[in-house]
Every structure is written in structure tokens, then in C-alpha cells.
There are 2 protein chains.
Amino acid sequence: MVQHSILETLSGPLRKEVLSSLQSLHFEHGKILFRAGDPCQGLPLVLNGTVKVQMTGLSGHSIVLYRMGADDICTLSIGCLMTGDGFRAEAVVEEDAEVFMVPRGLFDRLMDQSADFRLGVMESYGRRLNDLMLLVEEVAFRRMDERLAHWLETRAVEGSIRITHQELAVELGTAREVVSRLLKELERQGKLRLSRGCISFVQ
Amino acid sequence: MVQHSILETLSGPLRKEVLSSLQSLHFEHGKILFRAGDPCQGLPLVLNGTVKVQMTGLSGHSIVLYRMGADDICTLSIGCLMTGDGFRAEAVVEEDAEVFMVPRGLFDRLMDQSADFRLGVMESYGRRLNDLMLLVEEVAFRRMDERLAHWLETRAVEGSIRITHQELAVELGTAREVVSRLLKELERQGKLRLSRGCISFVQ
DNA sequence: CGGCCTTGTGTGACTTTATCACTGAACCGC
DNA sequence: GCGGTTCAGTGATAAAGTCACACAAGGCCG
């Protein structure tokens, strides 16, 4: 059974060969897929779970750049694969993930032999580039209270979330104190209830 | 004569065909290559000159995302070409530029037939992704005075530069007043001399 | 159970950056 | 030389980041 849509587009024999040569790797929550400076071993195809990609500045502060989920391709790896440079960011598994690791040689062959594979890779690249451009815009021009509110809104469906202020600060690329103060203000307004490691949405 | 290194890697007949079907377009200083929302017409290969790519936030503020120079590929276009989405950013010619515009069909054929072309495109993508990641880090965590000083340092060789505070603010993604104040402080320290539309480096 | 340690949160004081609302200076074209 | 436009400077205020600490919640272990 094919487990990643980009492989489903491959012609019969090629797909068969790929599937027989690849084995899915299992990564648990908290596991590091790669660290800043690591050389790239191959192109990870994410089958399921979620992986966040974040980078740390000289100041020691970190920011989450984007997330990968089921059916994603870790496009960041391709550039490193091509140039031989190390990663600038690190990838941390959030929900347990299964990953196909496509080595350089096989990646080159797939790019050579499948137009659909190329298309999938290019589309993925385009999306990532757009994501990062939007992130730049957000970080440069949006107010932190709006960004925090927006982040919370997208998860509000769950009623409450388990996250520390520090982790939330990394999501937004700011300082823990800033998050604490903004959250406290939202609690004063009656929109949230705070407890250690947990944020509950009122109503 | 081949004018873009990525075309030099093509096999004889293919290169010949490409060069005969493409004509270089000339863009003058200030000309807009594409605007936010425009659909993508093809992949621009920059032969010479420089083009800056910038985006404007909802607030109306803009920030320069990256520059393209001789031998660059406008990788941003590929994603738009693939997905059919419009551009999120705009490209403005700084120094008069010549550009080959590779239409979708030809791009697909080159990707299909030349491993070196693919490699060039992938490398370019990787570099752009790295540039944007570094920009996120810079915008999120670096102090404005350091960023301004760094920007100025990289051009200090020229003795003086013609740029308005507003343009410099767009380079850094901040407000004009902030740039004015920081520059004034540097002038007070005797490091710069300011005049309308011009910054001179002392010594 | 109580003490101790680790991790997470709250907050005051202060600096840096952004925003708003102006003023005035420099240049351009008649 | 006059009037309009573009640039630059600046005070007041708000938002965000930094530093330094106090304290609270939960886990662990004797």
C-alpha cells in the first residue's frame, strides 16, 4: 500500500522499486529529526504525525518556522542535499510520526523519471516559500496581541490546550514574559482561564 | 553566446533550441517585473542587473525579502507557476536588467530533459529558503540599530549612498521615523554625514 | 507527610521600537 | 521667487523586549 501521495503518481515498476527499497522510520514525540548544523541524509517524506521546524537565533531565542504533517515533503532538506550545507533549523516531532527517508541517489532518479514527482516537489517548495514570506510579514508588522489571539483562535475548538508560556513564546518568536502578560490580560478580560501548563477557553 | 549559466549546462541541441526561442527582455530601473496578485507568466532568468523582491503588509508597510542579480533564477515564480496562485510579493528593478522569460511548457521540458537544469533550480530554491529563514530570525530577534549598522556596513565601501530614509525603512521592514532617529544618532557619534537623499560615511 | 528541587508563572523597572501628529527644510518646475 | 511636493526631524505616547527577581505548583524521596 502506498502511503505518501507523491509516490502514488509513480509508474508501476518505479513505485514498486521505491516501496521495496524504502522502509518507514518511526519517530516519537520529542524526537529530533535533525538539528542545526547537521548534514542532510536524504529527503524525508512525512507519512503521518506532525513535525515542527524551528530555528534559534544568536540571542538564544527560537521561533517556529512551519509545520509538516501527513503527506508533506521536507523541502528544506532538498536545498541542503543539493548544496551539501548543514541545516540552519531543527525539526522536532510533535505527534509521533512515520517518515520515508529518500536518499540522494533515489531522489535524483525520481526527479529524472517522474514529472509528477517533480511537480509535487515544486509545489511543496512554492508553499514553503509562501509560508515563510507570510511569516516575515507577520513578524515584521503584526502586533503581538493580534498574533497571539490568532494563534489561540486556531486551536480554540479544543476547549483547552496544554502548552507552557515558554513554548507559546517560541511559536510566536517572542519572550516568555510578553506571552505571560498578554495571556494574563486576556484572563482579566474573562476570555481565558490559566493554570500551570494549560490554557482553557471560556465558553 | 549563452548568457545564463544554467543554460550552459544544457546539451547542444537543447541549448540551441532554447536560445533561439527565448529573447531577452530589457527592464529599466524602477520597472515592476510583477506585482502582488499578478499571475505568473513564466520563470524569469536574470542575466544581469539587480531586482529586489519585497512584500507589503496589511498595515501598508513593506519589507525587502531578497535580491536577484546576474545568473539568478526567480524561484518564487516557480511555485506560482505550479500552483497557478498569484504572487504574494512584488519585484522591482533596481539596476537595469535583462531577463529571459521561460514559459511553463519550456520549463517543464527543461526539468524533464536536463539533470543540471534541475540541480540549478533546486540549488536556487535552497538558497532562497535559507535567505528567508535568516530574514525571519533577523526580524524576530535582532535589534534595529545592529541591523541598520550591518546594512550600512555592507555598502560602506562606496563612501556614500543615495537612499531616502523611507527606502531604508523598507529594506529593514521598519518605520521611517525609526530609521531617521537611528541615523541621526550615528551622525551625532560622527560616523555618518546626512543630507537629503544621501548618507556619507566618515573617513 | 514534609522538605527539597525543578519547572512554570507573575511582575516591576527600564530600554527599545512603533505609532501618531506635527514642523520645517530641500528641491522642482514654472 | 513662489507654490507644491518630497524628505527629514522630533515630541509624546503605546507596545514590545530585557533583566532581575519572587513565588507557586507539582514531582520525588526519605
Side-chain angles (χ1 to χ4, degrees), chain A residues 29-30 56-64 135-152 160-200, chain B residues 29-30 56-64 135-152 160-200:
Chain A
H29 168 82
T56 302
L58 292 178
S59 60
H61 283 171
S62 300
I63 182 169
V64 173
L135 181 60
V136 169
E137 195 266 339
E138 184 179 325
V139 171
F141 303 131
R142 290 279 225 290
R143 291 179 40 152
M144 197 52 76
D145 53 356
E146 290 174 24
R147 293 177 57 206
L148 175 62
H150 177 251
W151 195 97
L152 291 173
S160 76
I161 44 180
R162 297 206 57 74
I163 191 171
T164 66
H165 297 186
Q166 177 57 48
E167 287 163 346
L168 202 33
V170 170
E171 292 290 329
L172 300 173
T174 184
R176 199 263 315 157
E177 299 92 314
V178 173
V179 171
S180 288
R181 273 191 256 261
L182 290 172
L183 285 174
K184 206 68 196 165
E185 177 57 27
L186 288 173
E187 188 180 43
R188 270 190 282 268
Q189 293 172 13
K191 295 177 181 166
L192 299 178
R193 296 238 347 245
L194 301 177
S195 55
R196 187 187 172 90
C198 183
I199 301 173
S200 312
Chain B
H29 168 81
T56 302
L58 292 179
S59 60
H61 284 172
S62 301
I63 182 170
V64 173
L135 181 60
V136 169
E137 194 265 341
E138 185 179 324
V139 170
F141 303 131
R142 291 280 225 289
R143 292 180 41 150
M144 197 52 78
D145 54 355
E146 290 175 23
R147 292 177 56 205
L148 175 61
H150 178 250
W151 195 97
L152 292 172
S160 77
I161 45 180
R162 297 205 58 75
I163 192 171
T164 66
H165 297 186
Q166 177 57 49
E167 287 164 345
L168 202 32
V170 170
E171 291 291 329
L172 300 172
T174 182
R176 201 260 317 154
E177 300 91 314
V178 174
V179 171
S180 289
R181 275 191 255 260
L182 291 173
L183 285 175
K184 207 68 196 166
E185 177 57 27
L186 288 173
E187 189 179 41
R188 271 190 281 270
Q189 293 172 13
K191 295 176 181 168
L192 300 177
R193 295 242 342 248
L194 301 177
S195 55
R196 187 187 170 91
C198 184
I199 301 173
S200 312

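Every chain is numbered from 1 and lettered A, B, ... according to where its sequence line falls, protein lines coming before strand lines. Excluded from the calculations below are hydrogen atoms, water molecules and symmetry mates; all remaining heavy atoms, backbone and side chain alike, are included.
Side chains of B:Ser160 and B:Ser200: no donor on one and acceptor on the other come within 3.5 Å.
Rounded to a whole Å, the CG atom of A:Leu194 is 11 Å from the C1' atom of C:dG10. Rounded to an integer number of Å, the gap from NZ of B:Lys184 to P of C:dT17 is 19 Å. With rounding to whole Å, A:Phe141 atom CZ is found 16 Å from D:dA15 atom C1'. The distance between atom NE2 of A:His61 and atom P of D:dA16, rounded to the nearest whole Å, is 16 Å. Note: CZ (B:Arg147) to P (C:dT16) measures 16 Å, nearest angstrom. Here D:dG9 presents its P atom at 7 Å from CD of B:Glu187, a figure rounded to the nearest Å. Taking atom CD on A:Gln166 and atom C1' on D:dA25, their separation rounds to 18 Å, with Å as the unit. Rounded to whole Å, atom C1' of C:dG8 lies 15 Å from atom CZ of A:Arg181.
Listed nucleotides: D:dA16, C:dT16, C:dT19. Nearest to the side chain of B:Arg143: C:dT16. Checking C:dC27, C:dG8, C:dT19 against every side-chain atom of A:Arg196, the shortest atom distance belongs to C:dG8. Distance from the side chain of A:Met144 is smallest to D:dA16 among D:dT10, C:dT17, D:dA16. Considering only the side chain of A:Thr164, C:dT9 comes nearest among C:dT9, C:dT19, C:dT16. For B:Leu182, whose side chain is taken as the heavy atoms from C-beta onward, the closest listed nucleotide among C:dT17, C:dT19, C:dG12 is C:dT17. Looking at the side chain of A:Ser180, the nearest of the listed nucleotides C:dT9, C:dT16, C:dT19 is C:dT9.
In summary, A:Glu187 and A:Arg193 do not engage in a salt bridge, as defined by a charged side-chain N under 4.0 Å from a carboxylate O.
Between B:His165 and the phosphate of D:dT6, there is no side-chain N or O to OP1/OP2 separation shorter than 4.0 Å. Residue A:Thr174 places none of its side-chain N or O atoms closer than 4.0 Å to OP1 or OP2 of D:dA16.
A donor-acceptor contact under 3.5 Å links the side chain of B:Glu177 to the base of C:dC20.
Using a 4.0 Å heavy-atom cutoff across all strands shown, B:Arg176 reaches at least one base atom of the nucleic acid.
Note that CG of B:Leu183 is 5.0 Å distant from NE2 of B:His165, once rounded to the nearest 0.5 Å. The CZ atom of B:Arg188 lies 10.0 Å from the CG atom of B:Leu194; values are rounded to the nearest 0.5 Å. To the nearest 0.5 Å, atom CG of residue B:Leu168 and atom CD1 of residue B:Ile163 are 4.5 Å apart.
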